[in-house]
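Data block below; observations after.
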Amino acid sequence: MKGYEPRSSSSCAACKFLKRRCIPNCIFAPYFRSDECKKFAKVHKVFGASNVSKILIEVPEEQREETVNSLAYEADARLRDPVYGCIGAIALLQRKMVELQHDLAIAKDRLARRAAAAATPTSSFSNDMMNSNVSLPPFPEFFTCSDFSDNLSHSSSSQSFTRNETVDDFVQIPYIF
């Protein structure tokens with residue numbers, strides 16, 4: 001591991017958190033320094049120390065630092081959003097990307113209209129062109145968790161789901177490729 005310095009006599013964050021003696025060949029020591037107790041606490045809460053040690057043993061040594069960083073990010077995301085975790089963050093970023101692409105398309109269309117208006121000598125044409133609306137496809141609608149819960153709260157309690165109807169929580173997450 002690059003940047004790894006041999007540790008002094010202090011325990012790693014994992015051994016401190018688990019209240020055990022840190023052995024010289026501790027699997028956690030290179031990746032959870034003694035001052036990173038919160039990082040290990042989050043990873044331990046979501047994945048468990050035993051599972052993390054199994055993962056680290058299976059991963060090649062040159063990829064372990066990246067693996068620990070990934071586990072720490074996933075654990076942090078799962079603690080912030082227990083239902084969707086990293087998928088929620090990805091969906092949020094994808095939605096933002098779609099919004100920005102939509103805004104970019106509008107800006108490009110307006111720029112093209114301005115360029116066409118500047119090239120056309122008649123002023124009435126340019127005024128009509130500037131006042132016309134941008135003809136872009138409508139912005140895609142995404143369902144949110146509140147939309148789903150609103151639909152459930154408005155339905156009567158006597159209604160029940162039939163065998164053919166299924167509820168899929170992941171339908172609410174937009175996937176854009």
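Every side chain to side chain contact (heavy atoms under 4.5 Å, CB included) that R20 has, sequence neighbours left out, goes to C15, L18, F28. With sequence neighbours excluded, no residue forms a salt bridge (charged side-chain N to carboxylate O under 4.0 Å, His left out) with R78. Applying the side chain to side chain donor-acceptor pair (under 3.5 Å) criterion to S70, with sequence neighbours excluded, gives E74. With sequence neighbours excluded, no residue forms a side chain to side chain contact (heavy atoms under 4.5 Å, CB included) with P82. With sequence neighbours excluded, the residues satisfying salt bridge (charged side-chain N to carboxylate O under 4.0 Å, His left out) with K42 are D76.
We find the CZ-CZ distance between R110 and R113 to be 9.5 Å, quoted to the nearest 0.5 Å. Taken to the nearest 0.5 Å, the SG atom of C22 stands 12.5 Å off from the CZ atom of F32.
Linking ILVMFWY residues whenever their side-chain heavy atoms come closer than 4.5 Å, directly or via other members, places I57 and F40 in the same cluster. L92 and M97 fall into different hydrophobic clusters, defined by Ile, Leu, Val, Met, Phe, Trp and Tyr side-chain heavy atoms under 4.5 Å apart, directly or through other members. Each of Y73 and V43 belongs to its own hydrophobic cluster when Ile, Leu, Val, Met, Phe, Trp and Tyr are linked at side-chain heavy-atom distances under 4.5 angstrom. Cluster annotation: L71 is connected to V59 through the hydrophobic network of ILVMFWY side chains, with a link wherever side-chain heavy atoms come within less than 4.5 Å.
The main-chain N or O of R33 is found under 3.5 Å from a side-chain atom of E36 such that the two form a donor-acceptor pair.
Residues K39 and Y31 come closest through the heavy atom pair NZ-O, 3.5 Å.
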Quick one: side chains of residues 45-56, donor-acceptor pairs under 3.5 Å with protein atoms, not counting sequence neighbours, listed by atom name and distance.
unit_1	atom_1	unit_2	atom_2	d
N51	ND2	F47	O	2.9
S53	OG	A49	O	3.4
S53	OG	S50	O	2.7

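Contact check for S34 versus C12: no side-chain heavy atoms found under the 4.5 Å cut-off.
Atom CD of E66 is surrounded by 12 or fewer heavy atoms from other residues, nucleotides or ligands within 6.0 Å.
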